[in-house]
Amino acid sequence: MITDQIWRNEEQAVFALRALYQRYGYVPFKMSQFEEYDLYVRNKDFLVSDKIITFSGEGGKLMALKPDVTLSIVKNAPEEKGVVQKVYYSENVYRDYREIMQAGLECVGDLTPYDIAEAVLLAVKSLEKLGGRYVLDISHMGLLAAVLERCGFDKGKQKQAMGCLRQKNTHDLKALCAGNPEAWQALRALSVCRGGAEELETLTPYLTGEAEKRALEELKALLGILAESGYAEKVRLDFSVGSALGYYSGVVFRGYLEGIPESVLSGGQYDKLPRKMGRKSRAIGFAVYVDLLQEREQEENPFDVDTLILHDGTVPLADLRRAAESAAAEGSVLVATKAPKGRSWKRKVELKGGTAQ
Amino acid sequence: MNNWMNIALPKGRLGEKAYAMLKNSGYECPSIEDPGRKLIFENPEKRVRYFWVKPSDVAIYVERGAADLGIVGKDILLEYEPEVYELLDLKMGKCRMAVAGKKDFREPVGRTLKVATKFPNITRNFYAGKCRDIDIIHLNGSIELAPILGLSHVIVDIVETGTTLRENDLMVYEEIVPISARLIANVSGFQFKYEAIHAIRESLRKQVEEK
């Protein structure tokens, strides 16, 4: 009998997510534990952490214990016109000598706007599946890159501005924009922006470039779709989302669950990665950091075991077996000669010389 | 725990001043003003909970979600680079992060510069920007001693008035960054307590501007 109490939060989540992705036509992707280290070094900027565990494989080839799943999927993305590959995974990845359970999906190939909207929708639905209050913050890297470019910032300043946006730090952002009122107005509007589709109107006067307008249109369409599915209140425009400008090229998002101090889901459109690998395909995907669900309190059985059977070592085996079997039929049982330290039980049965007392 | 506002304050004068501002914002907690050894103070009516922590630990409490909000020096944020939102410059506890050395100090060109500091990350980033080869000596206190005893060429430390430096025949050579207290928020708490956090930020912002 498998009850909810046996599955830990994160295990239940993985099953729920797999079922969800499969329902939308995503197929499972199983990757090997090891991948050539070279793949990760070439795409170092794409990885969350550069602390990769390596081994020397056959023929002295340097192998890595997989720190990431996305790169392996993109490497094999289809290039044919009109073809899109939709895969999901739930795998352990390894970073900083830690094993991290991660689930997620990637949609790669000749993406249409529908594929992008569907992936974002699945991100919201993933959060919904995990239960409790949730929020998905949405931003657009293409938009941010275009604004920073128009501000005339060099690479160093762009990086600083992105840092300020990420931390919602308007005071340092203001100092950075000294003498450039146009940049300050646009970046300030982005930095304080937080809300639903109505915020797009507030932003429009400050975002004047062609690429910026295009990005706003994309966001508008996307928020429209999400609202139609009933998630208008669950998604927020928030431009603090977005790591380094690195690989993300379009919409980016990050999901939060109440009670978990960091984001549990993050992803976005990353066309630059396949392009860097010399492929024509485009890509969108996200990861759910399932292991963070351990942070959530789970209703726990106040007892470690239901029945503790203590015996003195002289009880015939057959009697012990019978007592243990009948107790196990009703709940959990532990047979011992001495009560274990630091554990609790609902009921204690002591057996001596073959008779219960 | 959920609909409470948890605020981590740095022990000391800065924390007391920050509490006064939060009190003005409508988050008073009378019990905090009683002397004693208690660490946590609650006002159930306002659903606010304050706790005093070591100043350098504030960012950890906030990053890990034990506190929704915190008051912390920019030096700590630069040193530990926590994933938090930095919502406001409170413009108090002002000082600067600077390079200081002996009055007769001459930069040892062509040699590795030995730098003593409590802030290895800030130091590393600062000199990396200059492509200067340095040797960081990580100390936990009395940094000023290092150049006097020849342990290091210079120090990277917080300078408030410069009195300690002057009394030890040291002087500031280069300013790295100005420092002041900041209001920080946990990234997830911000999502779910947005209205309250936004109101606190706006109230504090007004108080800072009126000063």
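Just so we're on the same page: letters track the sequence lines, and every chain starts at 1. Treat the numbers as computed from the prediction; the structure is a model and nothing was measured.
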Verdict with supporting geometry, A/His171 and B/Glu86, side-chain contact (heavy atoms from CB on, under 4.5 Å)
CA-CA 9 Å; A/His171 39 278; B/Glu86 184 184 326; 2.8 Å; yes
Give the C-alpha distance, both sets of side-chain angles, the deciding distance and a yes or no for side-chain contact (heavy atoms from CB on, under 4.5 Å) between A/Glu258 and B/Lys193.
CA-CA 10 Å; A/Glu258 191 171 39; B/Lys193 296 177 184 172; 5.6 Å; no
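Here CG of A/Asp137 is found 8.5 Å from CZ of B/Phe190. Values are rounded to the nearest 0.5 Å. Between the OG1 atom in A/Thr170 and the CG atom in B/Asp89 there is a gap of 9.5 Å [rounded to 0.5 Å]. Within the model, atoms CZ of A/Arg166 and CD of B/Glu83 stand 5.5 Å from one another, a figure rounded to the nearest 0.5 Å.
Considering B/Leu88, B/Leu87, B/Val84, B/Val187 as possible partners of A/Lys168, the one that fulfils the side-chain contact (heavy atoms from CB on, under 4.5 Å) test is B/Leu87.
Other residues, nucleotides and ligands place no more than 12 heavy atoms under 6.0 Å from the NZ atom of B/Lys23. Within a 6.0 Å radius of CZ in A/Arg98, other residues, nucleotides and ligands contribute 12 heavy atoms or fewer. Other residues, nucleotides and ligands contribute only 12 or fewer heavy atoms inside 6.0 Å of the NZ atom of A/Lys174. Atom CZ of A/Phe286 is surrounded by more than 12 heavy atoms from other residues, nucleotides or ligands within 6.0 Å. In this structure, A/Glu198 places its CD atom where more than 12 heavy-atom neighbours from other residues, nucleotides or ligands lie under 6.0 Å away.
Per-residue counts of heavy-atom pairs under 4.5 Å with chain B were compared for A/Arg236, A/Gln167, A/Glu262; the largest is that of A/Gln167.
No side-chain donor-acceptor contact under 3.5 Å links B/Ser188 to the backbone of A/Tyr256.
Stacking of A/Arg133 on the aromatic ring of B/Phe192 is not recorded, the 6.0 Å distance cut-off and the 45° axial limit not both being met.
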Could you list the donor-acceptor pairs under 3.5 angstrom formed between side-chain atoms of residues 121-132 of chain A and any protein atom two or more places apart in sequence or on another chain?
| from | atom 1 | to | atom 2 | distance (Å) |
| --- | --- | --- | --- | --- |
| A/Ser126 | OG | A/Tyr21 | OH | 2.8 |
| A/Ser126 | OG | A/Leu122 | O | 2.6 |
| A/Glu128 | OE1 | A/Tyr231 | OH | 2.6 |

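Scored by the salt bridge (charged side-chain N to carboxylate O under 4.0 Å, His left out) test, B/Arg124 finds no partners at all (sequence neighbours excluded).
Between A/Asp172 and B/Arg182 there is a salt bridge, with a side-chain nitrogen of the basic residue lying less than 4.0 Å from a carboxylate oxygen of the acidic one.
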